Each structure stands twice: as structure tokens, then as C-alpha cells.
Amino acid sequence: MKTKKLTFGALAFTLIVLCTSFTLYKIIPKADFTINYKSPIENGQYEDVTVGVNTAKSSLGLEIKRVDYYWDGKLIEKVKKSPFGLNFLLENQTPGKHRLGIKITYGGKGYETMRLDDEGFVYQVEIVK
């Protein structure tokens, strides 16, 4: 803490300067990202997932740093390089609804590196046959 005395004519003031730093977090809405995947899909086919920044809605400078992919709650891949997509073979899956989870770590100009909230994106993928 710094203290400095200022004098203006007959009046004297003491100015206390507190030096502090803080990080301003910008919370990014999910609409700032585009995510594409296939559903319904069959066993033996490749699920092709793409993740990107929605340039029409996102803030200038927003960048994806990493994308974590989950299948039915289990981490299946961490992608750390652009284009951040995932192509994986669906084999021996029970027909029905499955969960595709996506967590995005992002940053860029004016952004602290953060992860999209704990829930991230969760989509239902229907497997037929």
C-alpha cells in the first residue's frame, strides 16, 4: 500500500493507493460455438464430429484451445490442435440413445483460458441396428 500526501492551498489530503490485480472473465455463451454430428447412425459407421467458433455470433479473438470428447460419460479423446474434430468408429454399440459429451477449453485475445461450464455440451446420438 502506498500513501501520498497531496496539498491544495491550505487543505491537505492523504491519498491511499491500493495496488491490486484481477482477471476479468468473459463468460462465453454456447451459441459462440458450432457443433455438428450425425444422428441417427448405425454400428460400423464413423461418427464425424466438428467443433468450431461461430464467427457470426462470437466475440473477436475467441479461440478454441482444446476439446474433450466423451461417449456415455467416458472420456474418449482430447483434441489439442485445430480443426478440433473427431472421427471415431462406432462398433458393438447397443442400439438406442447414447450421450456424446463435449467440453471446450477456450481463450484468445482478451480472454483468460477457461473451460465451458462443467456440463459442457451433451447430445443424444441414436444408434440404429
Side-chain angles (χ1 to χ4, degrees):
M1 176 174 18
K2 292 181 182 178
T3 303
K4 185 168 183 169
K5 189 169 186 174
L6 301 174
T7 304
F8 298 101
L11 299 174
F13 298 92
T14 301
L15 177 66
I16 300 173
V17 179
L18 297 174
C19 294
T20 185
S21 65
F22 62 93
T23 302
L24 179 62
Y25 290 100
K26 294 180 182 177
I27 304 303
I28 304 302
K30 292 180 180 181
D32 281 36
F33 301 102
T34 58
I35 297 175
N36 297 299
Y37 64 100
K38 292 188 280 186
S39 181
I41 192 167
E42 295 181 10
N43 271 307
Q45 290 184 324
Y46 282 88
E47 178 62 90
D48 186 25
V49 185
T50 61
V51 174
V53 173
N54 182 350
T55 55
K57 293 201 177 252
S58 69
S59 302
L60 187 62
L62 180 66
E63 297 175 0
I64 295 174
K65 303 290 187 181
R66 185 179 89 201
V67 179
D68 297 345
Y69 291 96
Y70 297 82
W71 184 255
D72 288 335
K74 180 181 174 192
L75 179 66
I76 57 171
E77 190 73 42
K78 291 182 181 184
V79 180
K80 298 177 183 177
K81 292 184 180 178
S82 183
F84 300 104
L86 180 66
N87 187 300
F88 65 101
L89 180 62
L90 293 167
E91 291 183 297
N92 304 317
Q93 298 291 319
T94 307
K97 294 183 181 180
H98 294 264
R99 291 172 28 122
L100 171 64
I102 299 170
K103 289 188 180 178
I104 299 172
T105 302
Y106 62 88
K109 263 188 193 174
Y111 298 93
E112 191 68 24
T113 298
M114 298 179 65
R115 255 189 19 186
L116 201 58
D117 60 40
D118 288 336
E119 182 183 310
F121 297 95
V122 178
Y123 298 98
Q124 284 193 358
V125 176
E126 178 82 28
I127 295 186
V128 293
K129 295 185 188 179

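Bear in mind the structure is a predicted one, so any value in this text is a computation, not a measurement.
Here the NZ-CD1 distance, from Lys129 to Ile41, works out to 13.0 Å after rounding to the nearest 0.5 Å. The line from CG of Asn92 to OG1 of Thr94 is 9.0 Å long, rounded to the nearest 0.5 Å. For the atom pair OH (Tyr37) and CD (Glu47), the distance works out to 8.5 Å, reported to the nearest 0.5 Å. Atom CZ of Phe84 is separated from atom CD1 of Ile102 by 13.5 Å, given to the nearest 0.5 angstrom.
Ser39 pairs in a side-chain contact (heavy atoms from CB on, under 4.5 Å) with only one of the listed residues (Val125, Val128, Ile127), which is Val125. When each of Ile35, Asn36, Thr34 is tested with Thr50 by the rule side-chain contact (heavy atoms from CB on, under 4.5 Å), just one qualifies, namely Asn36.
Phe33 and Phe121 have perpendicular rings, their planes meeting at more than 60° on a 0 to 90° scale where under 30° would count as parallel.
The two residues Phe88 and Leu86 make their nearest non-hydrogen contact at CD2-CD2, 3.6 Å. Considering all non-hydrogen atoms of both residues, Lys78 and Leu75 come closest at CE-CD2, 3.5 Å. Smallest separation of non-hydrogen atoms from Glu91 and Asn43: C-OD1, 3.6 Å.
Proximity of a side-chain donor or acceptor of Gln45 to a complementary backbone N or O of Leu90 within less than 3.5 Å is not detected. In terms of modelled atom types and a separation under 3.5 Å, the side chain of Thr105 and the main chain of Lys65 share no donor-acceptor contact.
Counting non-hydrogen atoms of neighbouring residues, nucleotides and ligands closer than 6.0 angstrom, the OH atom of Tyr46 reaches no more than 12 such neighbours.
Side-chain contact of Gln93 with Trp71: a donor-acceptor pair under 3.5 Å is present, judged by distance alone.
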| field | Chi angles and distances behind the side-chain contact (heavy atoms from CB on, under 4.5 Å) call for Val67, Val49 | value | CA-CA 11 Å; Val67 179; Val49 185; over 6 Å; no
